[in-house]
Protein chains: 2
Amino acid sequence: MGSLRDVATRANVAVSTASAALNGTRPVAAETKRRILAAAAELGYRPNVLARGLVSKRTRILALHYPAPAGGFGLTEMQFATGAAAAASELGYHLLLSPENADPLDELRYLTGTGLLDGVLLMEVRLDDERVALLTGENVPFALIGRTRHPERLWFADIDFGRLGADVVEHLTGLGHRTMAFINHTRDAYTGDYGPVVRIGEEIAAAAKEAGMSYADGFDADTAEQGRAALDGLLATHPEVTAVAVFSDQAAVGVLAAAEERGLHVPGDLTVVMVLTSAQVASMFRPRLTTLEPPSLELGRRGAQMLIEQLADDTAGPPPGGELVPCRLVIGDSSAAPREDHKEVRA
Amino acid sequence: MGSLRDVATRANVAVSTASAALNGTRPVAAETKRRILAAAAELGYRPNVLARGLVSKRTRILALHYPAPAGGFGLTEMQFATGAAAAASELGYHLLLSPENADPLDELRYLTGTGLLDGVLLMEVRLDDERVALLTGENVPFALIGRTRHPERLWFADIDFGRLGADVVEHLTGLGHRTMAFINHTRDAYTGDYGPVVRIGEEIAAAAKEAGMSYADGFDADTAEQGRAALDGLLATHPEVTAVAVFSDQAAVGVLAAAEERGLHVPGDLTVVMVLTSAQVASMFRPRLTTLEPPSLELGRRGAQMLIEQLADDTAGPPPGGELVPCRLVIGDSSAAPREDHKEVRA
DNA sequence: GTGAAAGCGCTAACAT
DNA sequence: ATGTTAGCGCTTTCAC
């Protein structure tokens with residue numbers, strides 16, 4: 001298929017000269033270079049990345065490592081991969097998918113030792129993710145999509161949860177709401193240590209408090225049935241609530257159903273907004289739900305870019321506070337001003 | 001980090017013996033082998049895949065090649081990647097994401113010449129996909145997720161569209177419907193040559209005809225607005241229709257909206273079923289839509305498995321007719337028997 | 001059953 | 001500015 005030697009022979013130069021001409025590693029006379037490039041083109045020469053990597057210790061391959069999708073990935077998670085692959089590709093890198101199997105840590109350690117990778121991008125990062133210690137120990141460059149509890153000295157791209165909380169609250173107060181509730185994902189074994197579930201709850205609560213809104217939470221739900229129960233429970237104890245933010249797509253299905261069963265019109269009687277749901281999915285609900293759409297593609301992109309940046313420049317430390325990417329507010333038909341006579345209606 | 005040489009030294013054997021012991025390439029005395037394995041374990045030895053690949057010409061790396069997502073990938077497309085990566089991983093292979101950039105064909109040719117890949121998995125295959133000729137010419141093993149117009153001599157995994165058509169029709173006739181319509185994706189520059197859009201239209205029409213149903217199509221839609229218009233147009237010319245199948249998620253939003261505006265109850269007055277939409281998405285509609293869920297993960301898995309199979313056994317030709325995977329019928333709240341007095345109601 | 005030696009295709013000193 | 005020489009870490013003859 002044509003090796004560098006063939007190119008060199010055809011151009012009447014030494015292999016090292018051909019290499020230099022093709023890579024710009026050292027000066028080559030214009031005429032010589034021309035001959036080499038011509039020979040390479042005629043032969044359809046493509047460098048062997050294995051040979052190159054073996055000696056140069058750089059492969060321009062990154063791995064995206066992710067745990068076994070507990071209950072299947074959603075669109076959001078998948079877009080990390082697409083975004084990261086696109087960014088990597090644009091910068092001349094390749095992205096290897098590295099799903100978790102039987103023994104996650106062992107496999108990751110193994111993979112990083114094979115010389116195949118220049119760095120690793122970690123997805124679905126948990127607050128105390130063990131992969132961080134492992135990669136640090138192995139001295140493998142890495143970056144996170146998401147972040148650990150203490151990401152101060154790490155490269156990471158994550159959602160700007162602070163801003164997300166503020167945006168939700170601002171959207172609602174802007175409409176005139178003075179009281180709201182948040183229905184989070186439940187904290188099971190998986191999500192209990194999963195950053196977004198923890199952070200989002202904290203940040204919305206903080207923003208609501210700061211804005212002087214009355215705030216209710218603790219009615220978490222992952223399924224339609226739980227969502228229905230959540231709204232029932234919520235209205236039983238907090239009948240004054242005029243707006244509710246929901247994290248889980250499925251829970252939102254139940255919330256809307258429960259509202260309808262009670263004769264509550266959305267958004268007339270109750271404003272419903274989603275949080276971290278894609279606009280595409282939010283627009284499938286009826287009414288179309290307002291959502292704060294996660295910047296999934298962008299997070300994937302930024303993660304890959306940061307990792308490559310780090311590879312190019314060893315001296316640079318991670319950006320303080322990482323990269324925080326805001327969500328986009330996409331207003332649907334599910335948010336409106338609260339009724340003036342709200343309390344009377346419910347009474 | 002420990003090379004094979006280090007292992008050999010530590011075990012007091014030659015490198016070739018260490019290699020043989022680790023790979024089972026040739027008989028090694030039990031005691032010798034024990035020492036070698038022990039040394040490898042103590043050193044935390046991991047073989048260098050670049051060096052190995054350089055000499056053996058096999059890397060156990062596959063690429064998943066996909067065009068730039070026109071309008072963004074949906075969940076379905078993304079799951080091909082997850083499924084393929086999982087299957088590859090289970091069989092000891094790695095999957096490289098290879099998104100299309102500026103010059104798709106050139107890049108694919110380049111990549112296959114770098115010695116990095118054992119084979120390529122093609123996604124979003126078009127009826128006359130040029131990548132097939134290129135890979136055939138380059139003599140690179142490949143498999144398709146989807147298929148071309150003439151896939152007879154190719155390895156491919158695709159949806160069983162024949163069965164899909166039959167399943168849709170059987171579901172509807174089973175409920176008592178005698179007349180139906182299909183709202184396909186529109187055939188723009190992209191989808192006009194895209195297999196599923198073409199095949200699904202043909203197969204549903206054929207199945208309906210075979211079952212003696214009266215059948216209407218030609219009202220295609222990709223967006224909610226087009227979906228609304230499609231139902232309006234459909235009912236204007238075919239008021240007798242009692243059931244409609246829809247391909248596009250977004251179009252379904254419009255179809256449901258248009259039905260409601262006309263005071264048509266779903267499923268009481270009109271049965272609506274989705275085709276090739278995930279149950280997860282279908283369950284977000286209200287009423288929950290019946291759908292024939294595409295076997296996306298499975299297609300990804302089968303594609304990767306076939307490719308690996310092909311790699312292991314050069315002599316075997318592709319399975320005749322490829323692998324056809326059926327969709328799963330997930331019944332929601334949107335399908336029911338047609339009203340007895342249907343014609344009177346509309347009149 | 002084991003060892004010595006060659007070489008995969010390339011980059012990176014080191015000469016000239 | 002160009003050529004020569006050494007490997008990178010491994011698999012694979014070929015001897016013994």
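Naming: A, B, ... by sequence-line order, numbering from 1 per chain. Fair warning: this is a prediction, and the values are worked out from it, not measured in the lab.
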- Give a yes or no on whether a donor-acceptor pair under 3.5 Å exists between the nucleobase atoms of D:dT4, that is its base, and the side chain of A:Ser16. yes
- Atom CG of B:Leu311 and atom CE of B:Met306: how far apart are they, to the nearest 0.5 Å? 12.5 Å
- Task: Could you pull out all residues at least two apart from B:Glu100 that satisfy side-chain hydrogen bond (donor to acceptor under 3.5 Å, both in side chains)?
- Result: none
- Would you find a donor on one side and an acceptor on the other, under 3.5 Å apart, between the side chain of A:Gln310 and the backbone of A:Phe142? yes
- Task: Return the value, rounded to whole Å, for the distance between atom CG of B:Leu116 and atom P of C:dC10.
- Result: 14 Å
- Item | Reported CG-to-CG distance for the pair A:Leu127 and A:Asp129, which is rounded to 0.5 angstrom | 9.0 Å
- Message: Salt bridge or not between A:Glu152 and A:Arg147? Use side-chain N to carboxylate O under 4.0 Å.
- Response: no
- Message: Please identify which of these residues, A:Leu135, A:Asp158, A:Leu154, meets the side chain to side chain contact (heavy atoms under 4.5 Å, CB included) condition with A:Leu144.
- Response: A:Leu154
- Message: Over the length of the helix from C:dG1-D:dC16 to C:dT16-D:dA1, how much do the five-pair end axes diverge, rounded to 10 degrees?
- Response: 40°
- Query: Under 3.5 Å, is there a donor-acceptor pair between the side chain of A:Arg131 and the main chain of A:Met123?
  - Reply: yes
- Output the distance between atom CD (A:Glu323) and atom CD1 (A:Ile159), rounded to the nearest 0.5 Å. 14.0 Å
- Item | Rounded interatomic separation in angstrom, taking CG from B:Leu22 and C1' from D:dC10 | 11 Å
- Rounded to whole angstrom units, what separation is found between the CG atom of B:Asp6 and the C1' atom of D:dG9? 10 Å
- Item | Minimum-distance nucleotide (side-chain atoms of A:Thr17 versus D:dT2, D:dC10, C:dT11) | D:dT2
- Looking at DNA chain C, which of residues 46-57 of chain B put a heavy atom within less than 4.0 Å of it? B:Leu54, B:Val55, B:Lys57
- Does any N or O donor sit under 3.5 Å from an N or O acceptor when you compare the side chain of B:Arg26 with the base of C:dG3? yes
Under 3.5 Å, which donor-acceptor pairs link side chains of residues 109-122 of chain A to any protein atom two or more places apart or in another chain?
residue	atom	partner	partner atom	Å
A:Arg109	NH2	A:Asp106	OD1	3.2
A:Thr112	OG1	A:Leu108	O	3.2
A:Thr112	OG1	A:Arg109	O	2.8
A:Thr114	OG1	A:Leu111	O	2.8
A:Asp118	OD1	A:Thr59	N	2.9
A:Asp118	OD1	A:Thr59	OG1	3.3
A:Asp118	OD2	A:Thr59	N	3.3
A:Asp118	OD2	A:Arg60	N	2.7

- Query: Over how many whole Å does the gap from A:Arg58 atom CZ to C:dT11 atom C1' extend?
  - Reply: 14 Å
- Using a cut-off of strictly less than 4.0 Å between a heavy atom of the residue and any atom of DNA chain C, enumerate the qualifying residues of residues 29-38 of chain B by number. B:Ala29, B:Thr32
- Verify, without hydrogens or angle tests, whether B:Arg126 (side chain) and B:Tyr194 (backbone) share a donor-acceptor contact under 3.5 angstrom. no
Listing, residues 14-24 of chain B side-chain donor-acceptor contacts under 3.5 Å, not counting sequence neighbours, or none:
residue	atom	partner	partner atom	Å
B:Ser19	OG	B:Asn23	ND2	3.4
B:Asn23	OD1	B:Arg52	NH2	3.4
B:Asn23	ND2	B:Ser19	O	2.9

- Note on the structure: The residue, A:Arg5 or B:Pro27, whose nearest nucleotide of DNA chain C is more 5′ is B:Pro27
